[in-house]
Amino acid sequence: MELNTDTENNYSLSKNDFFIKKVTGKFIVNSVISTLFVFLGSFIDTLLVGIFLGDKGLSAMSLVSPVYLIFYTVGATIGIGGSILASRVLGGGKIKEYRKIFSCAFYILVLAAVIMTVAGYLLLDPFSRFLSGGSDEHTVRLVKDYLTYYIPAGAFTLVSYIPLYFLKTDGRPQLSLRLFSLSAIINVVLSWLFMSPIFNMGIGGASLATAISMGTVALLGLILLLCRSTELKLVRKCFDLKTVKNIVIAGVPNGLSNLLESAQILMINMLLLGIGEGRLLPCYTVLRNIMGLQNSVIIGMSSALLPLIGVFFGERDFESERLVMKLSKKLGITIMIPLIVVACVLAGVSSRAFGVSDYAVIIESYWAMPLACVGLVAGYINALYTSYLTAVKREWTATLLVALRTFGLLAVFAVPLAFLVGSKGIWFSFSLCEGGTLLAYLLIRYILQHKNTNLDKYLLDTSLEKDGNISFSVKNDVDDVVNASRQCSEYCEEHGVDMKRCMKVCMAIEELISFLSANCFGTDQKKYIDVRVCKIGEEVMLRFRYIGKIFDPINFYEENSDNLDMSEDLLGLKMIFKSATLSDFRQTLGTNNLIIMF
């Protein structure tokens, strides 16, 4: 809740978006670029297959796509589900539970990698023929060659979900970016090398390059995660039915998205073959890769919300959640519109770049691209709300949205349109599906708000934000700090906080903000510290959140409490920490967090 009480000095205590902009920007930029690099590795793989093997190679790439999406399904369900659950408990300060969830997710994915690798090789021949859908022996051989090396790549991909998402939860999204940049570079270089006349490995060279690149990411990522984190470590006693169940529930929307995308690819492949347009499979491969580039931006931005919203939800900091959503919507729509325009203008160029030589396929791409891509603005909003709903424990609503936009509504539109108007009906069904999903969400939101009038447009319960809970931003300026303390005192008095606690709260605000400003970023810089005041029963909790160098005032006080030369400087801290019933410092989302309870 925001406090905007004008005084005779015309001073207003309010919360600005300085902190949210900094943290949201940091997470979104790193998340989008990481996702782009992951996609670019696959994108250039496909591009090189088209260059070296032509239309037949592109058709085979389209046919094997469901396989790596199956690996993605398991990885997303456990890896992303674990990180979402971990971010919630991290927001509540439950470090032991945080480690337990991390360990549980890691061990499950390692076990899944072993099982899926063994099963993959045992079923390699029949599965290759099933995916080929009655195609000629040459195509079957290409599919089998690709899978031979991709099966271990899929196993490494499962494990890589842990560093990809837990580095973000641990407040280090930039490390995730560097890892996946490295992965893309290794993949591209090795794909070209293995498929070129130097090694002449054909389509298998592309999947071998993927295996090596993902193996590198998984190994380095785990080393960075376990060796450089102050909070994360593997623990033995981490398996129990409740933890596993909660991880799966949190990860279902993301896992289901990958599973249904696999079903979607199979459906579109079969529809094209069913209406006698099998020659357009390369067009679908190109379209899927171009839309994949756009979707990597969508996924990157929406997945950046998961640790942010998860931590804020764990803290019950609903105002910060609203600010993150507002900024994300505005930024995402601004980015998506020019991306869609560029994709439509360069449709023909894209097909030729992939090595497509059939003139009819190139002409078809001029229709396919705008018909399919125009709905991606709605697609971004759908993905954004899916991630958001998952983070705020509305997983089943998020799961419904995933089911509708990834397969349900697409099948409803694509199947009849394919037989009524042909391939163009298939392409346009993608846009119809996104628009229909957005309308479905708005209807669901209306029904939920009608049942509970306290829910706002983000489905947050406003009744939980009423008395005894304020948040505001204070500039590192003496007058700003004094005025904030005075008005916070008035607010505490109005909400029944006893005088003794009220004085402690005001002293803590004045002393700590001044001390943190001087030691964390210097008084010569214009910075803000976010402060939250919560009345919990008879006690009052203060949370200070600030961006700058890592600075723990509790540890600083303990290390220097016996230093007589600093006794006067530390007098204020001594009075605060000695009278507080709880003093705790932790880093969350890569920022400093100090909690004091009186």
Side-chain angles (χ1 to χ4, degrees), residues 26-53 57-58 61 64-65 68-69 71-72 75 79 113 146 149-168 172-225 227-228 285-286 288-301 303-304 339 350 353-355:
K26 170 186 170 183
F27 272 78
I28 284 179
V29 168
N30 284 284
S31 182
V32 168
I33 298 176
S34 295
T35 312
L36 277 171
F37 271 110
V38 172
F39 170 77
L40 282 173
S42 173
F43 181 89
I44 296 175
D45 251 5
T46 308
L47 193 66
L48 290 171
V49 167
I51 292 170
F52 285 110
L53 301 175
L58 289 178
M61 289 295 285
V64 299
S65 297
Y68 55 77
L69 287 171
F71 281 99
Y72 291 170
Y146 188 87
Y149 294 104
Y150 184 76
I151 290 170
F156 288 130
T157 299
L158 288 182
V159 180
S160 72
Y161 269 89
I162 294 295
L164 174 59
Y165 284 92
F166 274 90
L167 279 170
K168 296 176 184 178
R172 296 182 287 165
Q174 67 280 3
L175 281 181
S176 178
L177 166 60
R178 291 168 190 166
L179 278 174
F180 287 92
S181 302
L182 176 64
S183 169
I185 293 168
I186 293 173
N187 197 12
V188 169
V189 172
L190 292 183
S191 286
W192 177 85
L193 188 64
F194 293 156
M195 295 182 70
S196 70
I198 300 173
F199 283 88
N200 197 28
M201 291 181 64
I203 198 170
S207 54
L208 177 59
T210 302
I212 294 172
S213 66
M214 294 312 297
T216 302
V217 164
L219 180 61
L220 286 179
L222 289 172
I223 291 172
L224 289 171
L225 196 58
C227 295
R228 296 183 58 182
T285 300
V286 174
R288 195 161 41 79
N289 275 273
I290 298 301
M291 290 183 71
L293 178 61
Q294 296 163 321
N295 274 311
S296 65
V297 176
I298 290 175
I299 293 168
M301 295 191 69
S303 65
L339 276 180
S350 301
F354 275 90

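We use all heavy atoms of the structure for the numbers below, so side chains are in, but hydrogens, waters and symmetry mates are not.
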Inset, instruction - Output yes when a side-chain donor or acceptor of S191 lies under 3.5 Å from a complementary backbone atom of V188, and no otherwise. - result: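 The answer is no, because no donor-acceptor pair under 3.5 Å joins these two groups.
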Inset, instruction - Please confirm whether the backbone N or O of A206 pairs with a side-chain atom of T210, one donor and one acceptor, at under 3.5 Å? - result: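 Yes: the side chain of T210 pairs with the backbone of A206.
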Shortest non-hydrogen separation from [X] to [Y] and the atoms involved:
{"X": "P163", "Y": "V217", "answer": "CG-O, 4.4 Å"}
{"X": "P197", "Y": "F52", "answer": "CD-CE2, 4.5 Å"}
{"X": "M195", "Y": "G202", "answer": "CG-O, 3.3 Å"}
{"X": "T157", "Y": "Y150", "answer": "OG1-OH, 4.3 Å"}
{"X": "S207", "Y": "A153", "answer": "O-CB, 4.2 Å"}
{"X": "G75", "Y": "L158", "answer": "N-CD2, 3.4 Å"}

[X] [atom1] to [Y] [atom2] distance, which is reported to the nearest 0.5 Å:
{"X": "T216", "Y": "I186", "atom1": "OG1", "atom2": "CD1", "result": "4.0 Å"}
{"X": "L224", "Y": "L179", "atom1": "CG", "atom2": "CG", "result": "5.5 Å"}
{"X": "L190", "Y": "L48", "atom1": "CG", "atom2": "CG", "result": "11.5 Å"}

Inset, instruction - Determine whether R288 and M291 make a side-chain contact, defined as any pair of heavy atoms from C-beta on separated by less than 4.5 Å. - result: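 R288 does not reach M291 side chain to side chain.
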Inset, instruction - For residues I198 and L193, determine if any side-chain heavy atom of one lies less than 4.5 Å from a side-chain heavy atom of the other. - result: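 In short, these two side chains touch, coming nearer than 4.5 Å.
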Inset, instruction - Among I185, N187, L208, find the residue that satisfies the side-chain contact (heavy atoms from CB on, under 4.5 Å) test when tested with S213. - result: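 Running side-chain contact (heavy atoms from CB on, under 4.5 Å) over I185, N187, L208 with S213 returns exactly one hit, N187.
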Legend entry - Any residue meeting ring-ring contact (aromatic ring centres under 6.0 Å, His included) with Y72, in chain and number order, not counting sequence neighbours: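 ring-ring contact (aromatic ring centres under 6.0 Å, His included) check on Y72 returns Y68.
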